[in-house]
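In what follows, chains are A, B, ... by sequence order, proteins preceding strands, each numbered from 1.
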There are 2 protein chains.
Amino acid sequence: MGKGTRGHAQPARRWAAASEEGDVAAVDGRVRRSRDRVLTTAFELLSESGVGGFTVDEVARRSGVAKTTIYRHWPSREALVIDAASRISAEQEVPDTGSLEEDVMAILANLGYLLGTARWSSVVPSIVDVAERDPEFAGIHGRIQRGHAAPLRKVIERAAGRGLISATADPATMVSALIGPLYYRRWFSREPIDDQFVKTIVSNVISSHRATGVRGRGPHA
Amino acid sequence: MGKGTRGHAQPARRWAAASEEGDVAAVDGRVRRSRDRVLTTAFELLSESGVGGFTVDEVARRSGVAKTTIYRHWPSREALVIDAASRISAEQEVPDTGSLEEDVMAILANLGYLLGTARWSSVVPSIVDVAERDPEFAGIHGRIQRGHAAPLRKVIERAAGRGLISATADPATMVSALIGPLYYRRWFSREPIDDQFVKTIVSNVISSHRATGVRGRGPHA
DNA sequence: TCTGAACGCTACGCTACCGTAGCGTAGCGA
DNA sequence: TCGCTACGCTACGGTAGCGTAGCGTTCAGA
């Protein structure tokens, strides 16, 4: 498929989310190049200026792709923003060392590192802000969010399946307790996220929820 | 003060941050009324539309105060936004029940409630977003942030002074571990913040850092 | 070589918003 | 009553951004 479908494609629906690439849009080499250049530039601009400072004219200037061409691929500024924002995807591996604590530590250390270096970390606040009022962006935000939490969740649920976690423990609560502090430091308190911090968070959460004969939980009920 | 200082005031610096009220601006009853109406409306608009959707024209329309009058009080749109945003202040009491866990629980339960109901909770993402790129807003955000964390920090440091907390525990880390999960649920995962959740977070963090002869920490190192 | 799709370029029309000028009016104290 | 100050109103000038029209150009495949 691909080339053969050219004649039947509806031009109005030519633009598509980044997730469904490889269909109609990949007809021509030029198309692909333009699309990629625009999307890359758009994502850069998004991380620099946020959703509010994002303009099609600026994308056109930086990418070298004519504004008219951009509008031939995306029906509106919003569509382009959405498409660019959808590039935030984690695609992280799920470690399996046998030790829950080590697995979690690996994931969170990597997350902490990304929060300090990756471009998307400066885009997220914009997404969160817009999502607060725009349902469509709320959907995008939800997907990004679940994507970022997925490896952690998987590791925890796997450990639960293996009986390594207290039966009363709730995986969702553990995820919040683990990721929350890192996000907090990155976007709210703006404190650095060092390994010592991550280690403290991880070991506290894990040990609080460990399933053992010897009660791993503290005193006081 | 007040009336007598009228003649000496520099009109260009008449506008002032909300925190320093009661000086020059409080000269006339009319002035105060206008200022309050504008600021209240501005804050409302901010919580509805975010910093990006905030326009002086809209504030004028809603408040019934003429746009020219607004510009007589604030030199620019930005100044008004800053002034309105500065209204986010917690002014929360610092409980002292004698039990660290109860004090922390009280603070966090209240915070969780506010996150779900207070207007400012929908303004915060905007502030965070702008602060990501604007140093002036970063300052505002820092002040708001420290204000929100202050009661918790105070309670924890007081407990540390009383020797109730492990010597190796870091108050800043504990604050992140406590507030982070709540913020995470409000703005990222969008899960509800119920008392059970808060209780779990609190008891885990507290018991992990408790100073006792009987080791309150879990096994594993 | 021919043809058509995709792209570039210029120039728009339109809207929203910022911030200001100018002038008339209302309130309040002396 | 007089005079000062703050306020309201209309009307701007200016800018920025969205999205489109029209037309010429480039490129790749048949």
Can you find a donor-acceptor pair, distance only, under 3.5 Å between [X] side chain and [N] base?
{"X": "B:K67", "N": "D:dG8", "answer": "no"}
{"X": "A:T55", "N": "D:dC18", "answer": "no"}
{"X": "A:R72", "N": "D:dG19", "answer": "no"}

Inset, instruction - Output yes when a side-chain donor or acceptor of A:T69 lies under 3.5 Å from a complementary backbone atom of A:V65, and no otherwise. - result: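 Pair absent, no side-chain N/O of A:T69 close to backbone of A:V65.
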
Inset, instruction - Please answer whether the main-chain N or O of A:R62 pairs with a side-chain N or O of A:T41 as donor and acceptor at a distance below 3.5 Å. - result: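 Here the side-chain-to-backbone pair does not exist.
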
Inset, instruction - Check the pair A:N204 / B:H209 against side chain to side chain donor-acceptor pair (under 3.5 Å), numbers first and verdict last. - result: CA-CA 9 Å; A:N204 287 345; B:H209 294 274; 3.1 Å; yes

Legend entry - Salt-bridge contact A:R77-A:D57 (side-chain N to carboxylate O under 4.0 Å):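 Looking at A:D57 together with A:R77, the answer is no, because their closest N to O distance does not fall below 4.0 Å.
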
Inset, instruction - Under 4.0 Å between any heavy atoms, over every strand shown, what does A:G64 touch: base, sugar-phosphate, or nothing? Just pick one. - result: sugar-phosphate

Separation of [N] [atom2] from [X] [atom1] (nearest whole Å):
{"X": "B:Y71", "N": "C:dC17", "atom1": "OH", "atom2": "C1'", "value": "8 Å"}
{"X": "A:F54", "N": "D:dA16", "atom1": "CZ", "atom2": "C1'", "value": "16 Å"}
{"X": "A:H73", "N": "C:dA6", "atom1": "NE2", "atom2": "P", "value": "8 Å"}
{"X": "B:R77", "N": "C:dA16", "atom1": "CZ", "atom2": "C1'", "value": "12 Å"}
{"X": "B:L45", "N": "C:dC17", "atom1": "CG", "atom2": "P", "value": "10 Å"}

Legend entry - Under-4.0 Å side-chain N/O to phosphate OP1/OP2 contact, A:T68 with C:dG8: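 A:T68 to C:dG8 OP1/OP2: no side-chain N or O under 4.0 Å.
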
Legend entry - Nearest to side-chain heavy atoms of B:A66, which nucleotide of D:dG8, D:dG22, D:dG17: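 Ranking D:dG8, D:dG22, D:dG17 by closest atom to the B:A66 side chain puts D:dG8 first.
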
